[in-house]
Colleague: 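I'd like to ask you about the structure that follows.
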There are 2 protein chains.
Amino acid sequence: MDARTQARYQTRAQVLKALAHPSRLFIVDQLAGGEHSVAELTAMLEVDISTVSKHLSILKTAGLVLDQRRGKQVFYTLQTPCVLSFFGCVETVLSARVQERIELAR
Amino acid sequence: MDARTQARYQTRAQVLKALAHPSRLFIVDQLAGGEHSVAELTAMLEVDISTVSKHLSILKTAGLVLDQRRGKQVFYTLQTPCVLSFFGCVETVLSARVQERIELAR
DNA sequence: CCTACGTTTGGCAATATAGCCAAGTGATGT
DNA sequence: ACATCACTTGGCTATATTGCCAAACGTAGG
């Protein structure tokens with residue numbers, strides 16, 4: 001694998017890495033239903049607001065969400081809704097995993 | 001977020017985490033074209049074979065690939081090809097990121 | 001049985017990630 | 001100007017991930 005190819009997969013991996021965290025997946029799922037402020041997401045996640053802010057920063061850097069300040073609040077929206085299609089596939093993967101276990105148990 | 005919800009996103013995140021590494025993305029991409037042995041993938045990736053074996057183990061645990069021993073070799077195949085659709089969306093995200101930078105530069 | 005080959009596993013050090021608290025920033029109202 | 005609210009950033013520790021080497025394992029052939 002040459003340096004150029006390596007770099008391409010590295011970049012792609014960064015996007016997936018941004019999604020590969022329970023809280024960040026939850027955030028994306030919530031934003032699918034419309035914009036939310038940091039405080040709103042914090043209330044749902046029940047972790048420190050600084051932690052939520054950092055998660056949002058990671059999603060933003062990855063190009064997955066957009067931030068928009070209105071007054072004192074900052075509202076986040078989903079920038080690339082196609083990531084929602086990941087959820088369906090992930091469920092398929094999980095089903096396959098369950099199927100696998102059933103077959104092993106036989 | 002209650003414990004049940006937390007667990008659901010945790011499980012989903014595990015699948016994405018398995019994909020969120022350059023070498024593992026490369027492997028998935030290669031397996032899209034058909035089965036490959038550990039040695040073949042090692043030659044392409046140019047890292048230690050034990051490292052490749054561990055990457056494959058992670059993909060297998062996540063339910064993304066299947067292993068099949070034939071003689072001395074072990075061949076891996078893609079178990080859930082829908083993950084290939086991720087690549088398209090990731091490219092969209094990257095395009096959006098580039099677009100973003102252009103607008104900022106103005 | 002012994003050896004060779006392909007692969008996996010254990011162990012370790014280097015690096016990256018997650019979450020909290022505390023301090024800083026930006027906007028609003030007094 | 002000052003205080004307050006909403007959020008971000010810095011700094012820290014705990015935990016997880018990565019990749020190498022070495023050792024173990026499974027299969028096939030002599």
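Chain letters run A, B, ... following the sequence lines, proteins first, then strands; residues in each count from 1.
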Colleague: Under 4.0 Å, counting only non-hydrogen atoms across every strand here, what does Val47(A) touch: a base, just sugar-phosphate, or nothing?
Modeller: sugar-phosphate

Colleague: Indicate yes or no: at least one non-hydrogen side-chain atom of Leu41(B) is less than 4.5 angstrom from one of Leu56(B).
Modeller: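 Yes; the side chains approach each other to less than 4.5 Å.
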
Colleague: Please write out the pairs of protein N or O atoms and N or O atoms of nucleotides 21-30 of chain C separated by less than 3.5 Å, giving the distance to one decimal.
Modeller:
unit_1	atom_1	unit_2	atom_2	d
dC21(C)	N4	Ser50(A)	OG	3.0

Colleague: Nearest-Å distance, CD1 (Ile49(A)) to P (dC20(C))?
Modeller: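 Value for this atom pair: 12 Å.
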
Colleague: Apply salt bridge (Lys or Arg N to Asp or Glu O under 4.0 Å) to Glu40(B) and list each qualifying residue two or more places apart in sequence or on a separate chain.
Modeller: none

Colleague: State, yes or no, whether a side-chain contact exists between Met44(A) and His36(A) at a heavy-atom distance under 4.5 Å.
Modeller: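 When only atoms from C-beta onward are counted, His36(A) and Met44(A) do touch, with a gap below 4.5 Å.
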
Colleague: Which residues in residues 35-44 of chain B have at least one heavy atom lying under 4.0 Å from any atom of DNA chain C?
Modeller: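 Of all residues in residues 35-44 of chain B, the ones placing a heavy atom under 4.0 Å from DNA chain C are Ser37(B), Val38(B), Ala39(B).
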
Colleague: Whether Asp29(A) and Arg24(A) form a salt bridge (side-chain N of Lys/Arg under 4.0 Å from carboxylate O of Asp/Glu) is what I want to check.
Modeller: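 A salt bridge is absent here (no side-chain N lies under 4.0 Å from a carboxylate O).
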
Colleague: With a 4.5 Å cut-off on side-chain heavy-atom distances among I, L, V, M, F, W and Y, is there a chain of contacts connecting Phe26(A) to Ile58(A)?
Modeller: no

Colleague: Rounded to the nearest 0.5 Å, how far does CD of Gln14(A) lie from CG of Leu94(B)?
Modeller: 9.0 Å

Colleague: Between dT8(C) atom C1' and His55(B) atom NE2, what is the distance in whole Å?
Modeller: 14 Å

Colleague: Which part of the nucleic acid does Tyr76(A) contact within heavy-atom distance under 4.0 Å: base, sugar-phosphate only, or nothing?
Modeller: sugar-phosphate

Colleague: So do Met1(B) and Leu45(A) actually touch side chain to side chain, heavy atoms under 4.5 Å?
Modeller: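 Contact flag for Leu45(A)/Met1(B) side chains = yes.
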
Colleague: Hey, does Arg97(A) have a side-chain heavy atom less than 4.5 Å from the side chain of Thr11(B)?
Modeller: yes

Colleague: Between Leu84(B) and Val28(B), is there a side-chain heavy-atom distance shorter than 4.5 Å?
Modeller: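 SC-SC contact between Val28(B) and Leu84(B) confirmed.
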
Colleague: Counting only heavy atoms and a strict 4.0 angstrom limit, can you tell me which residues of residues 1-31 of chain A come near DNA chain C?
Modeller: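 Contacts with DNA chain C under 4.0 Å: Lys17(A), His21(A), Arg24(A).
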
Colleague: Heavy atoms, side chains only, cut-off 4.5 Å: are His55(A) and Ile27(A) in contact?
Modeller: yes

Colleague: In the structure I gave you, are the side-chain heavy atoms of Leu25(B) and Arg12(A) within less than 4.5 Å of one another anywhere?
Modeller: yes

Colleague: Can you give me the first and the last nucleotide of DNA chain D (5' to 3') that has an atom within less than 4.0 angstrom of a non-hydrogen atom in chain A?
Modeller: dC5(D) to dG11(D)

Colleague: With side chains defined as the heavy atoms from C-beta onward, is the minimum distance between Val15(A) and Phe86(B) less than 4.5 Å?
Modeller: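 They are not in contact (no side-chain heavy atoms under 4.5 Å apart), so the answer is no.
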
Colleague: Which pairs of donor and acceptor atoms, one on a side chain in residues 68-78 of chain A, lie under 3.5 Å apart (sequence neighbours left out)?
Modeller:
unit_1	atom_1	unit_2	atom_2	d
Arg69(A)	NH1	Gly71(A)	O	3.2
Arg70(A)	NH2	Glu35(A)	OE2	2.7

